[in-house]
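Both backbone and side-chain heavy atoms feed into the values below; hydrogens, waters and symmetry mates do not. Computed from a predicted model, the values in this text were never measured in an experiment. By convention in this document, chain letters (A, B, ...) are assigned in the order of the sequence lines, proteins followed by strands, and residues within each chain are numbered from 1.
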Amino acid sequence: MLDIRLIRDDPEGVASALARRGVDSEAVLRARELDARARAHLTSRDQLRARIKALSREVAAAKRSNDDVRAAALAAESRRLGEEEQTAALQADRLHQALQDLLLELPNLPADDAPDGAGPQDNVELRRWWPGCSEGLPEPAVLEHQRVPHWEIGAALGVLDLERGARLAGSMFPLFRGMGARVLRALTSFALDQHADAYEEIRPPTLVLTETMTATGHLPKFADEAYHIERDGLWAIPTAEVPLTSLRRGEIIDEEELPLRFTAVTPCYRREAGAAGRETRGVLRVHEFDKVELFAYATPEQAPAIHEDITARAEALLQALGLRYRVVDLCAGDLGAASARTFDLEVYAPGSDRWLEVSSVSWYRDYQARRANVRYRPSGSRRAASSSDRAPRLVHTLNGSALAWPRIWAALLEQGRQADGSVRLPDCLAPYLNGELTISAPR
RNA sequence: GGAGGGAUGGCAGAGCGGACGAUUGCGCGGCUCUUGAAAAGCCGUGGGACCCCGGUCCCCGUGGGUUCGAAUCCCACUCCCUCCGCCA
């Protein structure tokens with residue numbers, strides 16, 4: 001959610017920043033209008049309330065001095081003002097609600113240094129990595145035996161059974177078998193262990209309340225994308241970002257505690273409502289998948305370094321896995337609604353000759369924190385002279401996948417496929433697979 | 001699922017229709033005393049909105065209601081605790 005004060009003070013600035021992502025400036029002007037009208041009603045409501053409170057005190061005084069006539073007259077006057085107050089309050093509430101509804105739909109302002117552009121084609125590639133690149137080896141050519149899509153490799157090696165997955169839950173619910181399933185478990189343990197030095201591991205609920213989904217910006221705008229359990233009012237999370245962002249919802253954190261960093265593995269549920277028939281082969285786009293997430297609450301000053309840290313950690317995982325990847329800076333038009341700046345990590349899939357998004361590392365500034373009402377008390381603020389220096393400030397939130405497993409799984413199979421059809425897995429997984437690093441066809 | 005008890009400021013814990021946004025204790029911050037610390041004493045110490053530097057309003061789990069006036073009375077809901085049932 002944007003700061004209404006920013007819209008109040010600099011509507012043109014907000015409108016032009018939002019125009020970079022294709023939002024019509026009319027919405028900003030309407031917000032400013034609603035805000036002004038709501039405040040006018042709020043002021044008259046408060047004035048009426050102040051008058052009623054004063055009258056009530058006079059009623060009490062009159063009763064104490066046994067002046068019942070005067071008390072009755074004052075009470076009648078107060079009752080009359082009460083009706084006016086109700087009207088004003090109703091108006092103020094109505095307008096304020098309309099403003100809130102509008103603000104919940106408005107996306108975040110893109111960061112100044114996010115590149116311009118309207119869509120994915122305008123994203124900026126920042127760098128590439130491949131095994132040996134630091135020693136000056138050239139980007140490797142794709143070998144002929146790697147030109148096999150992962151769903152064929154998975155079926156041939158008996159590690160992926162999409163037909164039976166579909167039997168259980170419908171299409172786009174993958175079922176992994178044997179080494180296929182074990183590799184997912186190994187990846188999760190490996191990734192969590194890599195982050196344990198600085199990120200506290202959390203196992204959050206994966207069904208959450210509407211407020212929890214609203215805090216990250218997944219509701220109300222993207223309700224069609226989420227699985228909803230109507231009977232209990234719960235939503236299946238699309239990412240661990242959702243419960244982690246609400247972990248400290250409504251709290252005021254001491255600055256000394258920041259940054260607070262968390263990591264979590266959860267299943268992620270996505271309806272993929274608009275994606276019917278689009279690149280749905282294999283496990284590249286599925287309704288349920290596991291993902292390890294990195295998340296942080298930070299001060300605005302700490303946020304850029306944390307953004308770098310999460311990106312670096314996700315990259316370190318890809319490098320340990322030996323997977324060719326590139327880093328992309330999302331342009332304003334392709335940024336997620338809540339994000340101010342996002343780096344995507346895309347891994348190369350030789351079987352289909354495509355780059356697959358496996359991580360999205362985003363800086364939300366205070367957009368989510370305002371929705372979730374997560375603040376911090378600046379150090380020394382208790383001694384601060386002016387009240388504005390004493391006030392709690394909104395934290396910044398950041399997160400990134402590290403990483404989303406099905407696409408990594410696909411890349412491991414396609415990049416790791418050997419001439420004999422077996423798949424060679426990266427050494428870093430050895431401790432988690434009892435040293436078994438080859439997936440061979442069943443006898 | 002059934003029965004009962006509870007929810008007040010960072011914590012503990014009063015208040016049960018009128019000067020209560022809230023007694024008190026602890027904690028925390030500042031000051032005095034002290035070589036320093038402790039002890040003692042004094043002062044201060046929730047969040048938010050509006051208007052603007054002086055005020056006004058809102059918040060005692062949440063949402064309604066009664067009343068001139070609600071932390072206090074009524075209704076619904078949520079969460080926590082205890083007991084029973086069921087259960088991985």
Side-chain angles (χ1 to χ4, degrees), chain A residues 1-9 31-100 103 203 205-212 214-215 229-235 243 246-258 366 369-395:
Chain A
M1 196 152 68
L2 297 176
D3 188 351
I4 184 61
R5 275 168 291 204
L6 195 62
I7 294 175
R8 210 179 274 160
D9 299 340
R32 204 168 89 116
E33 169 72 13
L34 283 169
D35 173 54
R37 286 170 57 206
R39 273 155 60 210
H41 284 285
L42 210 64
T43 303
S44 61
R45 186 202 70 178
D46 283 358
Q47 284 167 351
L48 285 163
R49 281 190 182 172
R51 184 78 192 111
I52 289 166
K53 286 178 89 164
L55 280 170
S56 292
R57 281 192 288 270
E58 288 183 54
V59 172
K63 287 213 166 147
R64 267 196 298 276
S65 52
N66 290 317
D67 190 346
D68 290 347
V69 179
R70 180 172 152 73
L74 290 167
E77 166 71 358
S78 177
R79 207 177 301 130
R80 193 184 61 73
L81 288 175
E83 283 165 24
E84 279 186 50
E85 186 268 346
Q86 277 208 322
T87 313
L90 204 71
Q91 284 293 311
D93 286 352
R94 203 176 52 79
L95 289 162
H96 186 251
Q97 193 51 54
L99 174 62
Q100 284 311 101
L103 288 177
R203 192 14 268 236
T206 56
L207 297 178
V208 298
L209 301 171
T210 298
E211 298 90 287
T212 308
T214 305
I229 298 162
E230 211 155 328
R231 189 178 158 118
D232 299 292
L234 294 170
W235 301 80
S246 281
L247 203 61
R248 297 297 196 103
R249 191 167 74 223
E251 296 188 28
I252 300 173
I253 303 163
D254 284 331
E255 180 171 0
E256 289 71 28
E257 278 190 70
L258 296 173
D366 59 14
R370 184 170 292 105
R371 287 170 165 243
N373 191 221
V374 182
R375 292 167 295 169
Y376 72 98
R377 196 181 298 285
S379 313
S381 67
R382 288 176 200 282
R383 269 157 288 146
S386 89
S387 63
S388 61
D389 291 342
R390 217 169 14 234
R393 300 164 68 193
L394 290 164
V395 301

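- At the phosphate of B/rG48, OP1 or OP2 sits under 4.0 Å from a side-chain N or O atom of A/Arg375.
- Straight-line distance between the P atoms of B/rG27 and B/rC79: roughly 35 Å, to the nearest whole Å.
- Between A/Tyr376 atom OH and B/rG46 atom P there is a gap of 20 Å when expressed in whole angstrom units.
- Residue A/Arg51 has no polar side-chain atom (N or O) positioned under 4.0 Å from OP1 or OP2 of B/rU56.
- Under the 4.5 Å side-chain criterion, counting only non-hydrogen atoms from C-beta, A/Arg51 is not in contact with A/Glu84.
- Out of B/rC50, B/rG47, B/rA19, the shortest distance to the side chain of A/Pro392 is found at B/rG47.
- B/rU32 is paired with B/rA40 under the Watson-Crick or G-U wobble criterion, all donor-acceptor distances under 3.5 Å.
- Residue A/Arg80 is out of contact with every strand shown, counting any heavy-atom pair closer than 4.0 Å.
- Nucleotide B/rG17 has no partner under the Watson-Crick or G-U criteria, as no pair reaches both atom distances under 3.5 Å.
- Atom CZ of A/Arg203 has more than 12 neighbouring heavy atoms from other residues, nucleotides or ligands inside a 6.0 Å radius.
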Which nucleotides of nucleotides 60-79 of chain B have their base under 4.0 Å from a protein heavy atom (B), which only their sugar-phosphate (S), and which neither (-), written as one string 5' to 3'?
--------BS----------
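- Across all strands shown, B/rU78 is found opposite B/rA7 as a Watson-Crick or G-U wobble partner, with both distances under 3.5 Å.
- With hydrogens and angles left out, the side-chain atoms of A/Arg94 and A/Gln91 include a donor and acceptor closer than 3.5 Å.
- Comparing the C1' positions of B/rG25 and B/rU62 gives a spacing of 30 Å, expressed to the nearest Å.
- When side chains are defined from C-beta on, A/Glu85 counts as touching A/Arg45, because their heavy atoms get closer than 4.5 Å.
- Comparing B/rG48, B/rC57, B/rC50 against the side chain of A/Ala50 picks out B/rC57 as the nearest.
- In this structure, the side chains of A/Leu81 and A/Glu77 come closer than 4.5 Å at one or more pairs of heavy atoms.
- A/Arg49 has no side-chain polar atom (N or O) that falls below the 4.0 Å cut-off from OP1 or OP2 of B/rC50.
- Summarising the base pairing, B/rG27 is matched to B/rU45 through a Watson-Crick or G-U wobble pair whose two defining distances lie under 3.5 Å.
- Using C1' as the reference atom, B/rA71 and B/rG6 are 15 Å apart when rounded to the nearest Å.
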Could you give me the CA-CA distance, side-chain angles and deciding distance for A/Leu258 and A/Val395, then say whether side chain to side chain contact (heavy atoms under 4.5 Å, CB included) is met?
CA-CA 9 Å; A/Leu258 296 173; A/Val395 301; 4.3 Å; yes
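- Distance check on atom P: B/rG48 versus B/rC43 gives 27 Å, rounded to whole Å.
- The pairing partner recorded for B/rA70 is none, the criterion being a Watson-Crick or G-U wobble arrangement whose two distances lie under 3.5 angstrom.
- Comparing the P positions of B/rC31 and B/rG18 gives an interatomic distance of 41 Å, to the nearest angstrom.
- On the P atoms, B/rC26 is 22 Å away from B/rU32, given to the nearest whole Å.
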Mind running side chain to side chain contact (heavy atoms under 4.5 Å, CB included) on A/Gln100 and A/Met1 for me, showing each step along the way?
CA-CA 9 Å; A/Gln100 284 311 101; A/Met1 196 152 68; 3.9 Å; yes
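- Across every strand in view, B/rG55 sits in a pair with B/rC50 that passes the Watson-Crick or G-U test at under 3.5 angstrom.
- Regarding A/Arg5, its CZ atom lies at a distance of 11 Å from the C1' atom of B/rC50, rounded to whole Å.
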